[in-house]
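Note: hydrogens, waters and symmetry copies are ignored here, and every other heavy atom, side chains too, is used.
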There are 4 protein chains.
Amino acid sequence: MQLSIEPNNGIPIYEQLVRQVKYAVAEGVVAPGQVIPSVREMARQLAVNPNTVQRAYLQLQDEEVLHSLRGRGMAVSTGAKRKCVSDRQQLLAERLEAVLDEAIRGGLDPDRLRDMFEKALKNAVRSGENPT
Amino acid sequence: MQLSIEPNNGIPIYEQLVRQVKYAVAEGVVAPGQVIPSVREMARQLAVNPNTVQRAYLQLQDEEVLHSLRGRGMAVSTGAKRKCVSDRQQLLAERLEAVLDEAIRGGLDPDRLRDMFEKALKNAVRSGENPT
Amino acid sequence: MQLSIEPNNGIPIYEQLVRQVKYAVAEGVVAPGQVIPSVREMARQLAVNPNTVQRAYLQLQDEEVLHSLRGRGMAVSTGAKRKCVSDRQQLLAERLEAVLDEAIRGGLDPDRLRDMFEKALKNAVRSGENPT
Amino acid sequence: MQLSIEPNNGIPIYEQLVRQVKYAVAEGVVAPGQVIPSVREMARQLAVNPNTVQRAYLQLQDEEVLHSLRGRGMAVSTGAKRKCVSDRQQLLAERLEAVLDEAIRGGLDPDRLRDMFEKALKNAVRSGENPT
DNA sequence: GTGGTCTAGACCACC
DNA sequence: GTGGTCTAGACCACG
């Protein structure tokens, strides 16, 4: 599991960690039952404060994506994959709707938005193919 | 010009004000040269601290959307309308692309996204017609 | 006496009036004893609030450049010309020194400043010859 | 980095702070990447309200001289030094020209101004050597 | 009346 | 600890 965080991009680091772990689970990069890197190890790899990693792991535990194996670390929970997949979809839907909602309230019409959507989609796909 | 702010929705009040004034200018609700409500008046209407309104107006002044008429109030600058319209479009495009970018990186395919887009768009339009 | 004020250039309007009247006196455009336009007339000509003109005249009275002739208006005082000439020079010296002082404290060396002075002087002379 | 502010000299405190930080950056007193004193620390040192310091830092952030490191403080941005050096020079040139412009319009001749310049320069240098 | 500045003190999220 | 936001209330200059 290879995570990458961008400090100071506006999104809290712990939040970036939470999302990326969820993505990794949803994509099957880490399978239920599998042990993930320790707080210390992860903090070292990402050059991040251990407190920050701890916070992310705690939140993932609250959301039942991870559970702790006493003395052995944190492991992906059973059922986490299904949960992450549907979470991802719902979160995305909410964010899309929030953006569109503001756009509509801001006076843009749906057809105009569809154009912008297709353009943005093309950019996003391309940048996904040629990661910076 | 009738603004509405939602406290505690995560977006700072002054930022909400900035956006809404820009939208009002973009939509022509207030025309260049026109004087907008005073800091105190706006603060009273929105039940918000005058300093918060002041901060929003100050930022709009920095962005050359407003300018102050000494002793008479703040007025919409010439050229502000064009600026606000293009700003709105660019901001929206960036936000759309950010969401889509993350979606693509998160493993969703374009057709799936198009579906979600249409659904979100329908919701947004409906909530725009029946404002909460 | 032809004055011109620029609203919203940062310098208070009443201050611009004070300076310009002093310049006019220093240059001999208006002579001691001569009556200057009334507050109302001046305010009308410059499209300015009469209170603002009043304030400027009051200050000029305090500085003994003008004095009021009961029922006939304000007139230039005897000795005002000499005073205005020397005031102008002293004010200018102070401002020059303030700028240079900050420049020195800001780390620029005298030779560098001399260059900038000559360049600025050339610009100022040129813009004085071809008034905008 | 040792700043000093003069309350009630007409220039807003936050503006004095902005200028002095820029000077410090231009002079290399603080290098890009370096973390500057926190809002609270600076406020304590200068016996000024933290909000006032905050406002100055915010403006410096808008001008891309500083950027915030979440939870760690404010740091000087890369490229800030070059920017500050050229800003300083341009600002000074503008102010010099403004003063000279008014002097010319006020009827003083260039040679007279050169004399005044040299005298003011001497004073400024001396006061720079024996700081009050 | 207007905008502009400043103080005092509070709460929050983040590291 | 840090920066960021907000409130409350004050004073000033300007028109």
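Among the nucleotides F:dG3, F:dC6, F:dG15, the one closest to any side-chain atom of D:S38 is F:dG3. Of the listed nucleotides (E:dC15, F:dA8, F:dC14), F:dA8 has the atom at the smallest distance from the side chain of B:N49. Residue D:I13 places its side chain closer to E:dC6 than to any other of F:dT5, E:dC6, E:dC15. The side chain of D:T52 has E:dT7 as its nearest neighbour among E:dT7, F:dT5, E:dG4. Checking E:dC15, F:dC14, F:dT5 against the side-chain heavy atoms of B:P12 singles out F:dT5 as nearest. Checking E:dT5, E:dC15, F:dG3 against the side-chain heavy atoms of D:Q54 singles out F:dG3 as nearest.
Under the 3.5 Å distance criterion, the side-chain polar atoms of B:S38 are matched with a main-chain donor or acceptor of B:E41.
For D:M74 and F:dG1, the CE to P distance is 18 Å, given to the nearest whole Å. Remark: P of F:dC12 and CG of D:N8 are 10 Å apart, rounded to the nearest angstrom. With rounding to whole Å, B:L46 atom CG is found 15 Å from F:dT7 atom C1'. Per the geometry, CD belonging to D:Q61 stands 13 Å off C1' belonging to F:dT2, to the nearest Å. Note: CZ (D:R40) to C1' (E:dC11) measures 11 Å, nearest angstrom. Nucleotide F:dC14 holds its C1' atom 17 Å from the CD atom of C:E6, rounded to whole Å. With rounding to whole Å, C:Q59 atom CD is found 12 Å from F:dA13 atom P. Per the geometry, CZ belonging to B:R55 stands 13 Å off C1' belonging to F:dT7, to the nearest Å.
D:E27 has no carboxylate O lying under 4.0 Å from a charged side-chain N of D:K81, or vice versa, which leaves the two without a salt bridge.
Between D:D87 and D:K22 the shortest heavy-atom distance is OD2-NZ, 4.0 Å.
Considering only heavy atoms from C-beta on, D:L17 stays 4.5 Å or farther from D:Q59 through its side chain. Using a 4.5 Å heavy-atom threshold, the side chains of A:Q54 and A:Y14 count as separate.
Nucleic acid contact class of B:Y57 (heavy atoms, under 4.0 Å, all strands): none. When heavy atoms are screened at a 4.0 angstrom cut-off, B:L58 is found touching no nucleic acid atom at all.
Mapping A:E15 and D:A47 onto DNA chain E via the closest heavy atom, the residue that lands nearer the 5' end is D:A47. Mapped onto DNA chain E by nearest heavy atom, B:V39 and D:P50 fall at different nucleotides, with B:V39 at the one closer to the 5' end.
No donor-acceptor contact under 3.5 angstrom links the side chains of B:Q20 and B:Q16, judged on distance only.
Between A:Y14 and E:dC14, a side-chain N or O to OP1/OP2 separation shorter than 4.0 Å is present. In this structure, D:R70 reaches the E:dC15 phosphate: one of its side-chain N or O atoms is under 4.0 Å from OP1 or OP2.
Residue D:N51 places no side-chain atom within donor-acceptor reach of the base of F:dG4, judged by atom type and a 3.5 Å distance cut-off alone.
If you check F:dC14 for Watson-Crick or wobble pairing at under 3.5 angstrom, you find it paired to E:dG1.
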